[in-house]
Enquirer: 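Dumping the structure here so I can ask a few things about it.
Fair warning: this is a prediction, and the values are worked out from it, not measured in the lab. The figures that follow rest on heavy atoms only: side chains count, while hydrogens, waters and symmetry mates do not. Chain letters run A, B, ... following the sequence lines, proteins first and then strands; every chain starts at 1.
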Number of protein chains: 2
Amino acid sequence: MLMSDARSPQSLSIKDPSFDEAASVLRRSLSTRRLIIVVGNCRVDYEGRANSSLDWGERVLIVKKDGSVLVHRSSGYEPVNWQPSKCLFRIEAEKESLHIVAARPQQRETLSLHFNRILSVDSYELSDRGEFNLYVSEEQMKEAILARPDLIEEGFRPIVSEKNLGEAGFTDIMGEDSSSNLVVVEIKRVPAGKESVAQLNRYLNSIRKNLRRGLRGIIAAPELRKGTQGLLATMNLEFREVSPQKCAEILAQRQTRKISEFLRE
Amino acid sequence: MLMSDARSPQSLSIKDPSFDEAASVLRRSLSTRRLIIVVGNCRVDYEGRANSSLDWGERVLIVKKDGSVLVHRSSGYEPVNWQPSKCLFRIEAEKESLHIVAARPQQRETLSLHFNRILSVDSYELSDRGEFNLYVSEEQMKEAILARPDLIEEGFRPIVSEKNLGEAGFTDIMGEDSSSNLVVVEIKRVPAGKESVAQLNRYLNSIRKNLRRGLRGIIAAPELRKGTQGLLATMNLEFREVSPQKCAEILAQRQTRKISEFLRE
DNA sequence: ACGTCGATCTCGAAC
DNA sequence: GTTCGAGGTCGACGT
């Protein structure tokens, strides 16, 4: 190893490298788990769960320090080819090309790239401890409903969440209403369509047998997609408007209460 | 515009640019629809279908020529934040930071980035006309079965593909066996589990009423996930091993035949 | 390891 | 425009 880790710069960039240079940077960056960006003319072949080939063209290759691989074209949100993390690599500089193979050993999946021209190779040591927070997931809507069951209706009492129904899957929330009917709540963060109705119906069907009391199914979502109302009525199911925004407010309140309780102790 | 498109280089790279320089490169690259890579210390806020915040850290920002945006951390296949194509941008160089806003007007979604240090800005004009081909999708397995119905069984005759059953969805293939039973085939490219059984059963149930002849349901997949065999037997359904590889060979043959037929004309 | 489900899913096709 | 299903989905969580 010519360059010690301590002295390696945070970023390293070579324009128009030779294939040998590129291979050298790649190998060193992989072993020191840096993020690598290669831009150049390449073709890509994938073999695994399916097979794909991508003819010659200029693209961006990113290899991350966890061994994930992305091949991006000049357009499109999604990578044209990729490999999830924990890949193993083989790098070979040939006379007229650079050959990179990224393999996932257990899944028997390989991604193979041939570069016949490299515009640039960049390697970065990225320091990133920043916390990522996502607000108002379906999970958080569930928390909000558990904290404030009247979001479903007055007198609703949750009993269990994520009840395993075996075949049918998992209910989001099960509980009782004020008349002791069993209530199954299906939560959606986005407007609910017929697939949500089908899902809820599956849950109810798997519960209905052997049940001695009333059973209600409620979809809690910001809205129903059009055409879903009729289906819901046919199935004798119900809808409650529960918006992610409202849930966020409730969770924020709960957070505030937590803090105030802490201060009083 | 200081630099004409004709004279702009295929790749442009600035290390440790000032915020003004970075903003200038970004604006120019956006207007000329080049692919842009910015590496630096940033925080990211997203508001739209959900909300998210990402604290300071060093990341890779990619803006593509269709207006899609990717923010990648040093690990992980998926971008931590993103925006699909057709974004509109606002770029502002401030005293101590570069502010980038990528908005999707109709979806009311915005992604906001603040950089307080920029390691590099790179802009590329990528030429990429390469064709992408994915082999052995479920669609292609269907084609293979339609081309060679004996993949299902000797004497199987497909009648329709993608038959709409309304409520229940679409069958992959419907046909008849040698005893004139109606046969519904559900194709899976990956090992079939109980959800495939349920799906096939839905199709059969929606057909069974008013049917005067025998009805069979067959799952065509490379294999059954374990535990699925019993369910299949209980439901009186059947399984045929149909591998994507075999389908690929058949499609390749068909392709060959096409070519040979062409040569004979 | 397998199974299930959510996702700012994205993308495309059909209606 | 909306709806619907597929995806090399990925990733997380549970068994």
Enquirer: Could you tell me whether the phosphate oxygens of C:dG3, OP1 or OP2, come under 4.0 Å of any side-chain nitrogen or oxygen in B:Lys194?
Expert: no
Enquirer: Rounded to the nearest Å, what distance is computed from the CE atom of residue B:Met141 to the P atom of nucleotide D:dG8?
Expert: 14 Å
Enquirer: In whole Å, I'd like the distance from the NZ atom of A:Lys188 to the C1' atom of D:dT3.
Expert: 15 Å
Enquirer: Compare the aromatic ring of B:Tyr46 with the six-membered base ring of C:dT8 and state whether they stack according to the 5.5 Å and 30° rule.
Expert: yes
Enquirer: Would you indicate what A:Ser137 reaches in the nucleic acid, counting non-hydrogen atoms under 4.0 angstrom: base, sugar-phosphate, or nothing?
Expert: sugar-phosphate
Enquirer: If you find the nucleotide of DNA chain D closest to A:Ser52 and the one closest to A:Thr228, which residue's nucleotide is nearer the 5' end?
Expert: A:Thr228
Enquirer: Under 4.0 Å between a side-chain N/O of B:Arg104 and OP1 or OP2 of C:dT8, yes or no?
Expert: no
Enquirer: Write down the distance between CZ (B:Arg49) and P (C:dA7), rounded to a whole number of angstrom.
Expert: 11 Å
Enquirer: Which comes earlier along DNA chain C counting from the 5' end, the contact point of A:Asp172 or that of A:Gln106, where each point is its nearest nucleotide?
Expert: A:Gln106
Enquirer: Could you tell me which residues satisfy salt bridge (charged side-chain N to carboxylate O under 4.0 Å, His left out) with A:Arg240, sequence neighbours excluded, listed by chain and number?
Expert: A:Glu153, A:Glu238
Enquirer: If you assign A:Ala50 and A:Arg225 each to the DNA chain D nucleotide with the nearest heavy atom, which residue ends up on the more 5' nucleotide?
Expert: A:Arg225
Enquirer: Could you tell me how far apart A:Glu139 (CD) and C:dT4 (C1') are, to the nearest whole angstrom?
Expert: 15 Å
Enquirer: List in chain and number order the residues that pass side-chain hydrogen bond (donor to acceptor under 3.5 Å, both in side chains) with A:Asp128, two or more places apart in sequence or in another chain; answer none if no residue qualifies.
Expert: B:Arg59, B:Arg73
Enquirer: Pairs of donor and acceptor atoms involving the side chains of residues 219-232 of chain A, under 3.5 Å and at least two apart or interchain, shall be tabulated with distances.
Expert:
residue: A:Arg225; atom: NH2; partner: A:Glu195; partner atom: OE1; Å: 2.9
residue: A:Thr228; atom: OG1; partner: A:Arg225; partner atom: O; Å: 2.7

Enquirer: How would you list, by chain and number, every residue that makes a salt bridge (charged side-chain N to carboxylate O under 4.0 Å, His left out) with A:Asp172, sequence neighbours excluded?
Expert: none
Enquirer: Between A:Gln199 and C:dG6, does any side-chain N or O lie under 4.0 Å from OP1 or OP2?
Expert: yes
Enquirer: Using the P atom on both, measure D:dG8 against D:dC4 and round to a whole Å.
Expert: 22 Å
Enquirer: For B:Arg189 and D:dT9, is the shortest distance between a side-chain N/O and OP1 or OP2 below 4.0 Å?
Expert: yes
Enquirer: Grab the NZ-C1' distance between B:Lys226 and C:dG3 for me, whole Å please.
Expert: 10 Å
Enquirer: Provide, to the nearest angstrom, the distance between the CG atom belonging to A:Asn51 and the C1' atom belonging to D:dG7.
Expert: 15 Å
Enquirer: Taking atom types as modelled, is there a side-chain donor on A:Asn205 or A:Arg202 under 3.5 Å from an acceptor on the other?
Expert: no
Enquirer: C:dG6 P sits how many Å from B:Glu195 CD, rounded?
Expert: 14 Å
Enquirer: Indicate yes or no for a side-chain donor-acceptor contact from A:Ser29 to the backbone of A:Leu26 under 3.5 Å, with no hydrogens or angles considered.
Expert: no
Enquirer: Roughly, in whole Å, what's the span from CD in A:Gln107 to C1' in C:dA1?
Expert: 11 Å
Enquirer: Look at all strands and tell whether B:Glu138 reaches a base, only sugar-phosphate, or nothing, counting heavy atoms closer than 4.0 Å.
Expert: sugar-phosphate
Enquirer: For A:Tyr46 and A:Gln83, which I'm curious about, is there any donor-acceptor pair between the side chains at under 3.5 Å?
Expert: no
Enquirer: Pick the P atom in C:dT4 and in C:dT8, then give their distance to the nearest Å.
Expert: 22 Å
Enquirer: Using OP1 and OP2 only, check whether a side-chain N or O of A:Lys142 sits under 4.0 Å from C:dG6.
Expert: no
Enquirer: Below 4.0 angstrom, which residues in residues 71-88 of chain A have at least one non-hydrogen atom near DNA chain D?
Expert: A:Asn81, A:Trp82, A:Gln83, A:Pro84
Enquirer: Applying salt bridge (charged side-chain N to carboxylate O under 4.0 Å, His left out), name anything that partners A:Arg34, two or more places apart in sequence or on another chain.
Expert: none
